[in-house]
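Convention: sequence-line order gives letters A, B, ...; per-chain numbering from 1.
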Protein chains: 2
Amino acid sequence: MPNKHSTQYKILDAAQSLFAETGFNDTSLRQITSLAEVNLASVNYHFGSKKELIQAVLQRYLIVLMPRLDQEFTRLLAAQQPNNLNQVLTVFVKPLLELNKVNQNGTRIFLQLLGRGYADVQGHLRWFFNHHYGRVLDKLVLLVQQACPDLPPGELFWRLHFSLGTVVFTMASNEALAEIAQADFNEKVDIEGVILRLIPYLSAAIAAPVPTVSQISQTAPMLASEGR
Amino acid sequence: MPNKHSTQYKILDAAQSLFAETGFNDTSLRQITSLAEVNLASVNYHFGSKKELIQAVLQRYLIVLMPRLDQEFTRLLAAQQPNNLNQVLTVFVKPLLELNKVNQNGTRIFLQLLGRGYADVQGHLRWFFNHHYGRVLDKLVLLVQQACPDLPPGELFWRLHFSLGTVVFTMASNEALAEIAQADFNEKVDIEGVILRLIPYLSAAIAAPVPTVSQISQTAPMLASEGR
DNA sequence: GTACATTTCAAACACCTGTTTAAATTGTGG
DNA sequence: CCACAATTTAAACAGGTGTTTGAAATGTAC
């Protein structure tokens, strides 16, 4: 059934582009089916519901990406001495760029979809992702912990989520940013360029020195008195 | 007309909470008016349209925050020697926390709204913001440039947007993150705590060493061959 | 070629959206 | 109290949403 020109594929291809551009909630099934040149009802026939279509669109990439990432994480975990942060983050590059084999502009589209997935806080997406791929991310956390042994677990938690925010936001607004960069600095930037710029940024961010309690309390008292 | 219990205020208060929680597009006027206990038509009567209501909700905070930020930026720009990044970023703390005077939980709500504003890419919001407050942000760029004189302008552009993504995403998903942190690490985290954690993170990120061309080209060839 | 399952299709479904209308109500200055 | 403006109200508007239906078309195995 996986004909490259089947109705399913036409729907998935149309849906992913529109989802990436406009977000999940702001893309209607009628937009999708008219771009795919298929009947409106075929979405519900083949995928059941819009919710399941969204998951199918993401799954097409995740099913390729996550095992590749898992493989890279496992390889790094097997190393004798702990890896530094740059090494850990760099393993994302190849698997991400291989998504261009799944689909034209696959890397860009997938990362945009990821951004949309977190922006429209669709509860089911978060569950879907953690349920299927939580184990893989645990390995990443372990690697980062090994790379930054001085970082308290709580601090690491926040910094990983900060970093997720950086990636997700950057990708969601990728087109707009790339246009501005082109106009203001005359540098052509593609998705690969952005990924390579992110690595040193995130690397330094995650490994940033943890402020001591005394440093925090310089500003803290003011806050407590002004709250509410 | 600015009675604290007027219809306008009831609408604004209900709207900001729902917008922050669910996003602009996913919050209906009927949800807002029923929470505010006013008639549906009063939104269009008092604000004209939903678009203008969104801007009014944001404006209530921006009109307080931005002059305060402008004042801080100007003060720092007048200093004899250039300020370091930590000093520059720290000036955000006080003006942001003063938003709690505008409204209960004002700081958290405003930052969540900011996140929503960039997530639902409503073109009019970007325009609205740049049109009214572009000048203020130019001063911030100047300050960061002075703090990081070795950073090429193009790189600085990207890193500031990366940082915006960090803040915006973190705030948009703030509730969810705080809950997880509470459950997993048993640390109560409020908006002030998040802001204070962000500063060293962003500071290190923006000032990260710029990779040399030779470092990039180690991974680049593979990309070019696989990209389409 | 006939029987059966799969897939397509146009139409309708029930519901939700932002906005507008015109009448009823309330507030206000003379 | 009256006249006039400002505000509130219920109702309807036109259009969009995801989903369902039942008949038509197509594919497939015997």
* For L29(B) and dC16(C), give me the distance from atom CG to atom P, rounded to whole Å. => 15 Å

* Asked: Do R197(A) and E155(B) sit within salt-bridge range, that is, some charged N less than 4.0 Å from a carboxylate O?
  -> yes

* **Rounded interatomic separation in angstrom, taking CG from D26(B) and P from dC16(C)** => 15 Å

* To do: Ignoring the backbone of Y45(B), work out which of dT7(D), dT8(C), dT19(D) is nearest its side chain.
  => dT7(D)

* F47(A) CZ - dT7(C) P separation (whole Å) -> 12 Å

* Please list, chain by chain and in numerical order, all residues satisfying side chain to side chain contact (heavy atoms under 4.5 Å, CB included) with A204(B), sequence neighbours excluded. => A208(A)

* Structure fact -> Taken to the nearest whole Å, CG/N25(A) to P/dG18(D) is 9 Å

* Asked: Hey, would you say the H161(A) and F157(A) ring centroids sit under 6.0 Å apart?
  -> yes

* Excluding sequence neighbours, so at least two apart, what forms side chain to side chain contact (heavy atoms under 4.5 Å, CB included) with T33(A)? -> V38(A), L40(A), V43(A)

* To do: Take atom CD1 of I11(A) and atom C1' of dT8(C), then tell me their distance rounded to the nearest Å.
  => 11 Å

* Please determine if a side-chain N or O atom of S28(A) lies less than 4.0 Å away from the OP1 or OP2 oxygen of dT17(D). => yes

* To do: Determine: side-chain N/O of H46(A) to OP1/OP2 of dT6(C), distance under 4.0 Å, yes or no.
  => no

* Quick one: K50(A) NZ to dT17(D) P, roughly how many Å, whole number? -> 8 Å

* **side chain to side chain contact (heavy atoms under 4.5 Å, CB included) against V102(B), all qualifying residues, sequence neighbours excluded** => R60(B), Y61(B), V64(B), L99(B)

* Structure fact -> So side chain to side chain donor-acceptor pair (under 3.5 Å) across residues 64-74 of chain B, not counting sequence neighbours, yields R68(B)-E72(B), R68(B)-E98(B), D70(B)-K139(B), E72(B)-R75(B), T74(B)-K139(B)

* Asked: Just to confirm, is there a sub-4.0 Å distance from OP1 or OP2 of dT8(D) to any side-chain nitrogen or oxygen of T7(B)?
  -> yes

* Write down the distance between CZ (F24(A)) and P (dT17(D)), rounded to a whole number of angstrom. => 17 Å

* **Between dA10(C) (P) and N44(A) (CG): distance, integer Å** => 16 Å

* Using the six-membered ring wherever Trp is involved, compare the ring planes of F128(A) and H132(A) and label them parallel, tilted or perpendicular (cut-offs 30° and 60°). => perpendicular

* Structure fact -> In numerical order, the residues of residues 30-37 of chain B whose heavy atoms come under 4.0 Å of DNA chain D are R30(B)

* To do: Identify all stems in which DNA chain C takes part, counting only runs of at least 3 consecutive pairs (Watson-Crick or G-U wobble, each distance under 3.5 Å), and give each as one range with another, ordered by first number.
  => C:1-30 with D:1-30

* OP1 or OP2 of dA10(D) less than 4.0 angstrom from a side-chain nitrogen or oxygen of N39(B), does that happen here? -> yes

* Would you call the rings of F129(B) and Y133(B) parallel, tilted or perpendicular, where under 30° means parallel and over 60° means perpendicular? -> tilted

* Asked: Taking it one step at a time, do S163(A) and Y201(B) satisfy side-chain hydrogen bond (donor to acceptor under 3.5 Å, both in side chains)?
  -> CA-CA 10 Å; S163(A) 303; Y201(B) 177 94; 2.7 Å; yes

